[in-house]
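Below is one structure, written out as structure tokens; comments come after it.
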Amino acid sequence: MELTRLRGFVDWLGAGSLAMLKAEAAARALMPRYGVGEIRVPALERIQLYQRSTGETSDVVEKQMYTFSDRDEAETVVALRPEGTPGVVRAYIEGGLDRSDPEQRFFYSGPMFRRERPQKGRYRQFYQFGVEVFGRADAACDAELLIMIDDYCKSLGLPARMEINSIGDPTCRPAFREALVKWGREHWNELCADCHKRIDRNPLRLLDCKIDAKLAESAPSSLDYLCPDCRAHFDTVRGTLDSVGVRFQVNPRLVRGLDYYTRTAFEIMAEGLGAQSTIVAGGRYDGLVEAMGGAAVPGIGFAIGLERVALALEAANLVNGTVIDAVVIAMGDAAIRQSALIAHRLRAAGLAVEMTSALRKLKASLSRANKIGARFAVIIGEDELARGVVQLRDLAQSTQREVAVGEVAAAIAEAGRN
RNA sequence: GUGAGUGUAGCUCAGUUGGCAGAGCACCGGAUUGUGGCUCCGGUGGUCGAGGGUUCAAAUCCCUUCACUCACCCCA
């Protein structure tokens, strides 16, 4: 086949698409209960948006974005969004909400694009469901989002591990960062080549290096460097989670990849995913709105990796197939109108129904009904049509009886109870 | 960007020392005139990833290349 899909791009169908649907539907279902409304923003933005927010030196911006010149007079350079937060923040500021009505809660859902080397749980187009809250600096808000995530995992029945940390703010992080760099230079000879680069580039990343994990245990801990405000904030987050019974672990080596994060950072990990086990991640970004030209409004958010949740659901055997209650089979053209009407009524009664026309053989239609797991087959031939009845076949029990056209739904409801 | 592994039917895979391209599942048909599953019988389906080389002969050996997967990295 010549016209194959692009590397790292995925066709979701069958069981996989059911898992994706479940992962997203569970998140959507939660939003009204937390007072979070949907925001729909473009998938294409100016490249500068990501350079200024995500971070010029982050891998995401530096080498993973899909960018091209738009064919306008200015040859605007645009990028497919590699993440959701910058677009939402832009829309928030552009809509003037930072000044007129700063406290807002949004969710978004859609594809993101990063040109990475694909592997399990990592694709070049991937779907994120994210929540962003603006105008709330208090720790109760952090806790509320973590409770929401806990709720999400529980509603899916998905076992997951929550890790949280505080990475400080502009008051205290510089000192911590400095301490890390100092530590890194002292242990230069023991660190891996990647860590040598990290010291200048992103020293916080020294902490979660897989190769130097053992050594990193002796590195300075962000928690020891928190200023009084950050410490109090983090204590309140933890205490609130405890009071609600949300289970979590404090991981002082947990950091965030993107530049704009402050204070609370968190990740939720699931089993059965290989190396990319983080299904949800996020944190507070109090300086971001202002840095992007808006008012000084705090913010916090997270994103769910829907593919990763879907994979975890499949690994945990938590995806069930679609259920068709009945297949309505028209034997010959004359019965098609009647079968359509009956199917329509059954659906109105809340049943899942598939229509088929036995143009070849009734056998083939029944075989189809069996294959898709239908409990009932409603068979209408010329004889039944003339007499105003149908054959109602119970495929699970291999029994069959004649039912008047108007009583099919009731008969199925009754038989279904047995 | 780096490394390792794997490419044979739609899917999962076997294929011995180089010697006729195979199985199971799926699909289609029949046994059954308008009755599914289970069983039995039959059938469709192949550029052995691609290109080159060695050889009387290559899925098998050699070279090149492409793709996929996993991991590093990065991150959701």
Side-chain angles (χ1 to χ4, degrees), chain A residues 1-2 4-8 10 14 23 27 54-55 57-64 82-85 109-131 149 192-195 197-198 201-202 205 208-211 254-258 261 266-270 273-283 301-312 327 329-332 335 356 358 360-385 391-400:
Chain A
M1 188 179 175
E2 223 172 304
T4 55
R5 64 180 197 274
L6 256 24
R7 168 166 229 203
V10 183
T54 310
T57 59
S58 69
D59 278 18
V60 170
V61 167
E62 201 168 47
K63 40 195 179 193
Q64 298 177 353
E83 58 151 339
T85 303
S109 185
M112 306 295 159
F113 303 84
R114 292 182 199 172
R115 199 181 181 291
E116 297 178 86
R117 190 83 169 253
Q119 70 183 76
K120 187 171 190 171
R122 187 171 77 184
Y123 311 103
R124 291 181 173 183
Q125 175 176 333
F126 59 102
Y127 288 81
Q128 283 192 338
F129 186 103
V131 172
I149 294 166
C192 69
D194 284 322
C195 279
K197 285 183 236 160
R198 290 182 177 113
R201 231 177 117 77
N202 193 350
R205 279 282 169 205
D208 66 349
C209 176
K210 285 180 188 170
I211 298 168
L254 173 71
V255 297
R256 300 278 69 225
L258 308 178
Y261 286 107
F266 48 88
E267 274 184 46
I268 286 73
M269 273 80 77
L273 278 171
Q276 309 294 330
S277 60
T278 299
I279 56 171
V280 185
F302 66 82
I304 302 168
L306 293 180
E307 287 86 351
R308 292 182 182 180
V309 172
L311 289 171
V327 168
I329 303 168
M331 303 281 297
T356 104
R360 296 204 50 166
K361 296 245 159 131
L362 175 58
K363 191 187 185 102
S365 293
L366 282 168
S367 182
R368 164 79 187 166
N370 188 66
K371 185 182 167 186
I372 63 177
R375 170 78 192 272
F376 297 97
V378 178
I379 305 163
I380 311 151
E382 292 194 14
D383 176 48
E384 287 81 7
L385 189 60
Q391 300 297 332
L392 178 61
R393 182 165 184 81
D394 186 328
L395 294 166
Q397 299 189 355
S398 294
T399 58
Q400 184 168 324

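So that the names make sense, note that chain A is the first sequence line, chain B the second, and so on, each numbered from 1. Remember, it's a predicted structure, so these values are computed and weren't measured experimentally.
The same atom, P, is picked in G15(B) and in U60(B); the two are 15 Å apart, to the nearest Å.
Not a single donor-acceptor pair under 3.5 Å links the side chain of R124(A) to the backbone N or O of P118(A).
Side-chain contact check for E83(A) and Q128(A): no donor-acceptor pair (N or O, by modelled atom type) lies under 3.5 Å.
In this model, no side-chain donor or acceptor of R117(A) finds a partner on the base of C73(B) within 3.5 Å. The base of G36(B) does not come close enough to the side chain of S365(A) for any donor and acceptor atom to sit less than 3.5 Å apart. A donor-acceptor contact under 3.5 angstrom links the side-chain atoms of R393(A) to the base of G36(B). Contact annotation: side chain of E384(A) to base of G34(B), donor-acceptor pair present below 3.5 Å. In the interface, the side chain of N370(A) is paired with the base of G36(B) through a donor and an acceptor atom under 3.5 Å apart.
Contact between the side-chain N/O atoms of R205(A) and the OP1/OP2 oxygens of C73(B) is not found at any separation under 4.0 Å.
When distances run from any side-chain atom of K363(A) to the nucleotides U32(B), C73(B), G34(B), the shortest one goes to U32(B). With distances taken from any side-chain atom of L366(A) to the nucleotides C68(B), U35(B), A76(B), the minimum falls on U35(B).
With the nearest nucleotide of RNA chain B identified for both R198(A) and R115(A), R115(A) has the one nearer the 5' end.
Contacts of P111(A) classified as side-chain contact (heavy atoms from CB on, under 4.5 Å), with partners at least two apart in sequence or in another chain: R81(A), F113(A), Q125(A), Y127(A).
One atom, CZ of R122(A), and another, P of C70(B), lie 10 Å apart when rounded to the nearest Å.
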